[in-house]
Amino acid sequence: MNRYREPGTHCIDEALRHRILTLLSENYVGFGPTLAAEKLQEHYGITISVETLRCWLTADGLWIPHARRQPRIYQPRQRRDCPSELIQIDGSHHDWFEGRAPKCCLLVYVDDATGRLMHLRFCQSESAFDYMMATRDYIDKHGKPVAFYSDKHAVFRVSQAETRRTGMTQFGRALHDLNIDLICANSSQAKGRVERANLTLQDRLVKEMRLENITGIDNANAWLETFISDFNRRFARPAKYPKNLHHTVSESSPELDDIFAWQTLRTLSKSLTFQYDKYCIWLNPLRKTHA
């Protein structure tokens, strides 16, 4: 026996459903259920639950739930041929001392060709000053690599209005003065070597420091060379071509101090003054001397 089932009390009229889907397909292509529901309420006065809208959009093929989407495929990038041709850099925030000291950041420098740890430095935060100090230590120890490979952190990529005039961050400017290229990756997968190194360090380095009873940043930085040597002996691989592409540092120590200092452009007025950090600074003109 066929029984007639009356529509539920909260059933939405089919004409309204058709109107909503028509509006979405014509004006809001690619909008998610939450944003689409907001726009329907703002522009047309139509109130509908997000979950109902999600079901309709999914059934009509206007929205694909994240769980059903195909994962993005990243093609593996071949290693560079020579050591120091490309150095991947990244900051890893972690409880490195397991509560024996506050959480901090480890700056990691990994050679793309060999996977060698080139330099490690613990610091309080992932700032431009810390990267400049770590890079200064790097070039003092190894020389100048061809290029550094980083993410799009604000230290490496212009993100603030006051720096858009130069198109370069303080760290990028320092590398430019040293004739070192800076390449920003478009995804974390692109710099997978340093990302995987971070995971390994968060396991092995933490345990090694526990055995050594290291309880602070200063003690850790003094000991890290021992760990780096052992790590590279275990995990580094030979490069395709053994030629080391590090360039000799030709700049003197005072010149490096100037390069790795914080530099800001200011315009000198006709009255020999300029503004900096809410202060007006006056330059005393040099006196002419007579022979």
Side-chain angles (χ1 to χ4, degrees), residues 74 77 84 86-112 114-142 144-160 163 168-176 178 180-210 214-225 227-228 231-232 235-236 259-262:
Y74 295 91
R77 181 181 58 80
S84 72
L86 185 70
I87 304 297
Q88 298 191 17
I89 57 178
D90 193 28
S92 178
H93 299 267
H94 188 63
D95 184 12
W96 292 101
F97 303 107
E98 301 177 301
R100 299 186 302 275
K103 292 183 179 181
C104 61
C105 180
L106 177 67
L107 303 185
V108 183
Y109 291 63
V110 176
D111 180 59
D112 186 77
T114 63
R116 291 176 58 87
L117 288 180
M118 303 301 294
H119 187 59
L120 298 176
R121 180 184 176 86
F122 282 107
C123 54
Q124 296 291 345
S125 63
E126 194 176 0
S127 67
F129 283 112
D130 290 308
Y131 269 109
M132 286 196 284
M133 291 176 64
T135 303
R136 173 71 183 272
D137 292 340
Y138 178 98
I139 64 174
D140 285 342
K141 182 167 60 174
H142 300 291
K144 296 189 289 188
V146 177
F148 284 118
Y149 197 48
S150 70
D151 55 20
K152 293 183 178 179
H153 191 280
V155 171
F156 312 111
R157 188 169 179 263
V158 173
S159 59
Q160 297 181 3
T163 57
M168 173 179 307
T169 64
Q170 290 288 335
F171 183 75
R173 187 265 315 153
L175 295 187
H176 178 267
L178 291 169
I180 300 174
D181 293 332
L182 177 61
I183 305 171
C184 293
N186 291 320
S187 67
S188 58
Q189 289 81 2
K191 56 184 187 68
R193 245 171 289 290
V194 71
E195 296 285 351
R196 289 189 293 273
N198 287 340
L199 295 177
T200 304
L201 292 171
Q202 288 177 9
D203 178 41
R204 299 180 71 96
L205 179 56
V206 167
K207 293 180 174 62
E208 292 285 356
M209 289 195 298
R210 184 198 308 164
I214 294 175
T215 58
I217 289 178
D218 293 337
N219 293 336
N221 284 333
W223 169 80
L224 278 175
E225 282 301 321
F227 175 84
I228 292 174
F231 185 96
N232 290 337
F235 300 110
I259 289 174
F260 285 108
W262 193 273

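Here the structure is a predicted model, which is why all the values come from computation and not from measurement. Just so you know, these numbers use all the heavy atoms, side chains as well, and skip hydrogens, waters and symmetry mates.
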For this session: May I ask you to test the Asp90-Asp151 pair for a side-chain heavy-atom distance under 4.5 Å?
Result: yes
For this session: Say whether, by atom type as modelled, one donor and one acceptor occur between the side chain of Lys191 and the main chain of Ala185 under 3.5 angstrom.
Result: no
For this session: To the nearest 0.5 angstrom, please state how far the OG atom of Ser125 sits from the NE2 atom of His93.
Result: 7.5 Å
Exercise. Is the count of non-hydrogen atoms from other residues, nucleotides or ligands lying under 6.0 Å from His176 atom NE2 greater than 12?
Worked result: no
Problem set entry | Distance (rounded to the nearest 0.5 Å) between Leu205 CG and Gln202 CD | 9.5 Å
Problem set entry | Any donor-acceptor pair under 3.5 Å from Asp111 side chain to Ser84 backbone | yes
Problem set entry | side-chain contact (heavy atoms from CB on, under 4.5 Å) partner of Val194, the single match among Val110, Leu201, Ile89 | Val110
Problem set entry | Note, Met209 side chain near Phe122 side chain (heavy atom, < 4.5 Å) | yes
For this session: Could you tell me which residues satisfy side chain to side chain contact (heavy atoms under 4.5 Å, CB included) with Asp181, sequence neighbours excluded, listed by chain and number?
Result: Ala147
Problem set entry | Distance in Å, Arg121 CZ paired with Tyr109 OH, rounded so as to fall on 0.5 Å steps | 9.0 Å
For this session: Would you indicate whether Asp140, at its atom CG, is surrounded by more than 12 heavy atoms from other residues, nucleotides or ligands within a distance under 6.0 Å?
Result: yes
Problem set entry | Student check: side-chain heavy atoms of Val146 and Ile180 closer than 4.5 Å | no
Problem set entry | Check: Asp137 main-chain N/O paired with His119 side-chain donor or acceptor under 3.5 Å | no
Seminar exercise, completed: Between the SG atom in Cys105 and the CG atom in Asp130, the distance rounded to the nearest 0.5 Å is 7.5 Å
Exercise. Under the side chain to side chain contact (heavy atoms under 4.5 Å, CB included) test, which residues partner Asn232, sequence neighbours left out?
Worked result: Arg116, Leu117, Ile228, Ala236
For this session: Find out whether Thr135 and Leu175 are in side-chain contact, i.e. whether some heavy atom of one side chain is under 4.5 Å from a heavy atom of the other.
Result: yes
For this session: Evaluate whether atom NZ of Lys103 has more than 12 neighbouring non-hydrogen atoms of other residues, nucleotides or ligands under 6.0 angstrom away.
Result: no
Exercise. So which heavy atom on Phe97 is nearest to which on Pro102, and how close?
Worked result: CD1-O, 4.1 Å
For this session: For Trp262 and Ala128, work out which heavy atoms get closest and say how close.
Result: CZ3-CB, 3.9 Å
Exercise. Which distance, rounded to the nearest 0.5 Å, do you find between the CD of Gln170 and the OG of Ser127?
Worked result: 12.0 Å
Exercise. Heavy-atom distance under 4.5 Å between the side chains of His142 and Ile87, does that happen here?
Worked result: no
Seminar exercise, completed: Of all heavy-atom pairs linking Cys123 and Leu107, the shortest is SG-CG, 3.8 Å
Exercise. For the residue pair Gln88 and Ala190, what are the closest heavy atoms and their distance?
Worked result: NE2-O, 4.4 Å
For this session: Using a 4.5 Å cut-off on heavy atoms from C-beta on, say whether the side chain of Phe148 contacts that of Ser150.
Result: no
Exercise. Counting distance only, does the side-chain N/O of Tyr131 pair as donor-acceptor with the main-chain N or O of Phe156 below 3.5 Å?
Worked result: no
For this session: May I ask you to decide whether Asp112 forms a salt bridge with Arg193, counting only side-chain N to carboxylate O separations under 4.0 Å?
Result: yes
For this session: Specify the closest pair of heavy atoms between Ile217 and Cys104, including all atoms of both residues, with the distance to one decimal.
Result: CD1-CB, 4.0 Å
Exercise. Which heavy atom of Phe171 sits nearest a heavy atom of Val155, and at what distance?
Worked result: CB-O, 3.5 Å
Exercise. Is Arg204 salt-bridged to Glu208, cutoff N-O under 4.0 Å?
Worked result: no
Exercise. Is there a side-chain contact between Trp96 and Ile214, using heavy atoms and a 4.5 Å cut-off?
Worked result: no
For this session: Could you tell me whether Glu98 atom CD has more than 12 heavy atoms of other residues or ligands within 6.0 Å of it?
Result: yes
Seminar exercise, completed: So CG of Leu199 and OG of Ser92: to nearest 0.5 Å the spacing works out to 8.0 Å
